[in-house]
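As structure tokens, the structure follows; a few thoughts come after it.
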Amino acid sequence: MSTGFFNGIDKIPHEGPDSINPLAYHHYNPDEMVMGKRMEDHLRFAVAWWHSFAWEGNDPFGGQTFVRPWHPQDSMANARLKADVAFEMFRILGQPYYCWHDVDIRPDQGNFADNLSTLDEITDYMGEKMELTGTKLLWGTANMFSHRRFMSGASTNPDPDVFAFAAATVKSCIDATHKLGGENYVLWGGREGYETLINTDMGAELDHMGRFLNMVVEYKHKIGFKGQILVEPKPQEPSKHQYDYDAATCIGFLRKYGLEDEVKLNLEQGHAILAGHSFEHEIAVAMAEGMFGSIDMNRNDYQSGWDTDQFPNNVPEVALAYYHILKGGGFTQGGTNFDAKLRRQSLDPVDLVAAHVGAMDVCARGLKAAAAMLEDGGLETALAERYAGWETPEAKAMLDGDLGSIAQRVLDQGVNPEPKSGRQEILENYINRFV
Ligand code: XLS
Ligand code: NI
Ligand code: NI
């Protein structure tokens, strides 16, 4: 039986680019083939439970603006109603995946034992709905940043009892993710960092975080969980500084603690911006190191300096992100999770649906543009030409040589390089033909 929350909004059809129906897909067409693969299988869209169903519209200056039938979110009955509504939206959108934090799906009863049993109960309920609808879990995660016990960190907390609480929490969330057949498990360390260095032993905190992550990997193998373990970089907010600053920092951390073959990255558009990077920069870094896992798709306000988690609407930006994803071979277990929320004035259920419809269309356009650029090969040809010098036997031999022999060759052959154009504007113009 329907909850009636979406007030008769029906399954979103694909009507093509000429349609003016705001509740239709104009570009997202799950079965359309893109580079030999169905669009749905390329993009692997997921809805985020926290922004869409748990967040109440608060901002740093104002409280709740959304008043939903499952508020207050403090009982199992309301947790179930929230799940009913979530799966109704999944049916309307037809996206294949969703994601959650423990606190998004279960009520908080204040102690670990009760929270464990309600998590078990609600994930059983969600499991039944997944069976019925075919919607799958892209990833689960633990919220170890909202409750006051985590204010000084989870695995990096100076208090070992908080480390223990965090370990028990992550174990329970991996168990639940495993039970629901989740394809990944994410760790985003919102409080794994510091407010001030004056009271922080950074070396000890990093060692604890490294050991914690190793325990996660050991546990995953112990229970036979086949999901990918992902860490999600973000430079700051809520902490003043977060240890998982950006992709490069995370990769250095994973190597230091021997996790480079076990853990990959979940990269978020808005976090890239906060770190002073573009989204494609973060993706390219992860791809170059073989550590690309999944993405949190959203967009960040370029002026505000905080994590605004808006729905994506910039096709040229999204196209470059998917260009690097496709070029690197695409997603395997990862996908496109909409870590995006409505603006707090967008009160109506139709706003929630339309936000996702638009975002899926933007991503579909970006994907199609990226595929067209790759198929045309213009950027790849330009790249090959730019690096062609490295194909010569002399250049290759140089990498096996030493400074002395190279210096000798420079003298003997009078090597005197002539600068060549990088052709940036021509390539930017080229990209504009596709986006
Ligand atoms: C917050 C993060 C968070 C993670 C999951 O900025 O993006 O939503 O994706 O904990
Ligand atoms: Ni975020
Ligand atoms: Ni995120």
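Just so you know, ligand 1 is whichever comes first in the structure, and atom 1 is the first atom listed for that ligand.
Here F165 and H147 keep their ring centres 6.0 angstrom or further from each other. For Y97 and F90, the gap between ring centers reaches or exceeds 6.0 Å.
Judged by distance alone, the side chain of R344 and the main-chain N or O of G63 form a donor-acceptor pair under 3.5 Å. Here the side chain of H27 pairs no donor or acceptor atom with the backbone of V362 at under 3.5 angstrom.
Side-chain contact check for S172 and D175: no donor-acceptor pair (N or O, by modelled atom type) lies under 3.5 Å. A donor and an acceptor atom, one from each side chain of N298 and D309, are located under 3.5 Å apart. With no hydrogens or angles considered, a side-chain donor-acceptor pair links E192 and S155 at under 3.5 Å. For the residue pair H71/Q64, the side-chain donor-acceptor check at 3.5 Å is satisfied.
Interatomic distance, M39 CE to E32 CD, rounded to the nearest 0.5 Å: 4.0 Å.
Only protein atoms were considered; those of element N, O or S under 2.8 Å from the Ni ion (ligand 3) number 4.
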Taking a 3.5 Å cut-off between nitrogen or oxygen atoms, can you list every pair linking ligand 1 to the protein, with distances?
residue  : atom   : partner : partner atom : Å
ligand 1 : 6 (O)  : K234    : NZ           : 2.9
ligand 1 : 6 (O)  : H271    : NE2          : 3.0
ligand 1 : 6 (O)  : D307    : OD2          : 2.9
ligand 1 : 7 (O)  : E232    : OE2          : 2.7
ligand 1 : 7 (O)  : E268    : OE1          : 2.7
ligand 1 : 7 (O)  : H271    : NE2          : 3.2
ligand 1 : 7 (O)  : D339    : OD2          : 2.8
ligand 1 : 8 (O)  : W50     : NE1          : 3.3
ligand 1 : 8 (O)  : D339    : OD2          : 2.9
ligand 1 : 9 (O)  : E232    : OE1          : 2.7
ligand 1 : 9 (O)  : E232    : OE2          : 2.9
ligand 1 : 9 (O)  : D296    : OD2          : 2.9
ligand 1 : 9 (O)  : D339    : OD2          : 2.9
ligand 1 : 10 (O) : H101    : NE2          : 2.7

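Take the N/O/S atoms of D307: the one nearest the Ni ion (ligand 2) is OD2.
Cation-pi contact between R80 and Y125: present, with separation from the ring centre below 6.0 Å and deviation from the ring axis of at most 45°.
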